[in-house]
Asker: 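Sharing a structure, written as structure tokens. Questions coming.
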Amino acid sequence: MHAEHHGSEVQHDAAHGGDHMRQYWRVIISLAVLTAVEFGVAIPLHGREGAILMLGILALLGLAAWKAALVGRCFMHLQYDPRLLSLIAITPVVLAGPLLAVGVFDGRHGPNF
Amino acid sequence: MSSIAPIDAMGQERYGLKTFGYTPGKFAMWLFLASDAMGFVGLIGAYIILRASYVGSTWVPTVGDWTEHGGGGLPHLDTTVTGINTFILIVSSFTMVRALSAIGKGNQAGLKLWLGATILGGATFLGVQVYEYSHLMAHGLHMQSHLYGATFYICTAFHGAHVLSGVIYLSCIWIAAARGRYTAESHSPVELVGLFWHFVDLVWIILFTIVYLI
């Protein structure tokens with residue numbers, strides 16, 4: 001015989017009346033709206049250059065990060081789980097920052113492969 | 001013998017639920033997802049660095065018969081079809097949380113229904129991705145054509161492999177659910193497959209923006 005573990009989902013389900021459905025609906029609607037906004041930002045960017053392009057790219061990255069945070073916090077329950085799990089989740093993002101910064105600025109010298 | 005017992009108070013203590021607030025399985029899944037995310041960081045990072053190095057020069061190559069469509073080389077990827085596909089994947093995350101919520105209330109029929117919907121969403125996503133690949137390859141975009149093709153296929157196919165793994169993983173959980181293996185008190189594997197599936201969704205949200213929209 002083996003005992004199966006049940007996760008913190010059961011615990012916070014009980015604590016919150018067992019129904020997160022309203023929040024899940026809010027999240028899915030938010031994700032749909034944010035995806036539509038992304039298209040609204042991306043389509044006019046086609047063929048643009050300079051500062052407008054950079055602003056558009058930053059806006060798109062911000063929207064993607066917002067959507068990813070919604071999935072992580074609400075669907076993956078990081079908002080209810082102990083902070084250690086959030087720290088584990090954020091570690092790759094923190095490591096990615098310097099890696100990309102160094103790589104992009106080095107690569108700006110031009111394609112020389 | 002494979003009988004299932006809800007974890008009791010002593011078991012919760014033993015497995016760390018009361019001490020840490022999560023099970024060893026959940027902790028291990030998060031460690032796995034973080035290490036898996038490092039792989040995506042490497043690939044997506046390589047894409048971004050290469051893309052940035054092509055500012056002012058031609059990133060999209062003039063290969064294949066795309067030149068017939070205006071003479072400017074490959075057109076931008078079809079963001080409409082992939083946008084719909086993205087939304088299908090996002091909706092499958094929603095059906096996944098509904099599956100978990102259903103079994104949290106002891107609703108086994110709901111678990112099977114919503115898990116099935118999640119599997120269907122994942123399979124549809126893969127089908128559209130295969131369609132897109134065949135379309136692009138038929139028009140001359142191959143891995144060996146250019147860095148554009150290589151990075152596009154590597155990033156999206158690595159993610160596609162995760163979707164395929166997720167569909168297989170979900171199917172195994174669905175079979176176990178159909179055999180009545182999970183209860184309101186004992187359904188940790190459903191929560192763990194959910195974490196993996198949401199991770200796949202989360203990575204696609206980032207990948208879609210970087211590869212298709214920027």
Side-chain angles (χ1 to χ4, degrees), chain A residues 1-11 13-14 18-21 24-25 27-28 31-32 35 38-39 41-43 45-46 56-57 60-61 63-65 67-68 71-72 74-77 81-82 84-85 88-89 91-93 95-96 99-100 103-113, chain B residues 1-7 11 15 17 20-27 30-31 33-34 37-38 41 45 48-50 52-55 57 76 79 83 86-87 90-91 93-94 96-98 100-101 104-105 147 184-189 191-192 195 198-199 201-202 205-206 209-210 213-214:
Chain A
M1 179 177 125
H2 67 277
E4 246 179 68
H5 326 147
H6 60 100
S8 54
E9 168 70 12
V10 177
Q11 293 174 319
D13 254 6
D19 196 355
H20 295 279
M21 214 42 68
Y24 293 152
W25 274 110
V27 171
I28 192 75
L31 290 171
T35 304
E38 278 186 321
F39 274 91
V41 173
I43 290 167
L45 271 188
H46 183 61
I57 289 173
L60 285 171
L61 291 176
L63 286 165
K67 287 166 68 180
V71 171
C74 303
F75 285 172
M76 299 174 93
H77 298 137
D81 285 335
L84 176 64
L85 297 184
I88 293 172
T91 302
V93 182
L95 292 176
L99 171 78
L100 285 179
V104 166
F105 287 113
D106 189 46
R108 289 300 289 264
H109 297 300
N112 50 4
F113 321 99
Chain B
M1 181 180 145
S2 169
S3 61
I4 298 161
I7 196 162
Y15 291 120
L17 268 175
F20 300 112
Y22 47 78
T23 60
K26 189 166 187 174
F27 182 71
W30 270 110
L31 283 181
L33 294 180
M38 302 282 192
V41 163
I48 292 171
I49 290 164
L50 290 169
S53 72
Y54 270 75
V55 170
S57 56
H76 278 253
T79 48
T86 300
F87 195 67
I90 289 171
V91 169
S93 255
F94 178 68
M96 185 65 235
V97 288
R98 294 213 64 164
L100 185 58
S101 183
K105 295 170 190 162
L147 276 172
E185 295 78 27
S186 174
H187 57 263
S188 181
E191 189 181 14
L192 298 185
L195 281 176
H198 299 314
F199 170 75
D201 180 25
L202 190 154
I205 285 171
I206 306 289
T209 300
I210 290 171
L213 295 182
I214 292 177

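Proteins come first, then strands; the chains are lettered A, B, ... in the order of their sequence lines, and each starts at number 1.
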Asker: Could you check which of A/A89, A/A65, A/C74, A/A64 has the highest count of heavy-atom pairs closer than 4.5 Å to chain B?
Answerer: A/A64

Asker: Begin from the C-alpha positions of B/T86 and A/E38 and carry the test side-chain contact (heavy atoms from CB on, under 4.5 Å) through to its verdict.
Answerer: CA-CA 12 Å; B/T86 300; A/E38 278 186 321; over 6 Å; no

Asker: Where on A/I43 is there a heavy atom nearer than 4.5 Å to chain B: the side chain, the backbone, both, or neither?
Answerer: neither

Asker: Is there a side-chain contact (heavy atoms from CB on, under 4.5 Å) between B/T209 and A/L63? Walk through the geometry before answering.
Answerer: CA-CA 9 Å; B/T209 300; A/L63 286 165; over 6 Å; no

Asker: For B/S101 and B/V97, indicate whether the former's side chain and the latter's backbone hold a donor-acceptor pair under 3.5 Å.
Answerer: no

Asker: For A/I88, which atoms come within 4.5 Å of any heavy atom of chain B: side chain, backbone, both, or neither?
Answerer: both

Asker: Picking from A/T35, A/V41, A/L84, which has the most non-hydrogen pairs under 4.5 angstrom with chain B?
Answerer: A/L84

Asker: Do you know which of B/I205, B/V41, B/I206 has the most heavy-atom pairs with chain A at a distance under 4.5 angstrom?
Answerer: B/I205

Asker: For the backbone of B/L195 and the side chain of B/H198, can you confirm whether one donor and one acceptor N or O come within less than 3.5 Å of each other?
Answerer: no

Asker: What part of B/L31 gets closer than 4.5 Å to chain A, counting heavy atoms only: side chain, backbone, both or neither?
Answerer: both

Asker: Relative to chain A, which segment of B/F94 carries a heavy atom at a distance below 4.5 Å: side chain, backbone, both, or neither?
Answerer: both

Asker: Decide side-chain contact (heavy atoms from CB on, under 4.5 Å) for A/M76 and B/L202; before the verdict, give the C-alpha distance in whole Å, the side-chain angles of both, and the deciding distance to 0.1 Å.
Answerer: CA-CA 10 Å; A/M76 299 174 93; B/L202 190 154; 4.1 Å; yes

Asker: Hey, mind stepping through A/L31 and A/V71 against side-chain contact (heavy atoms from CB on, under 4.5 Å) and telling me if it holds?
Answerer: CA-CA 9 Å; A/L31 290 171; A/V71 171; 4.1 Å; yes

Asker: Given that the side chain runs from C-beta out, which part of B/L33 has a heavy atom under 4.5 Å from chain A: side chain, backbone, both or neither?
Answerer: side chain

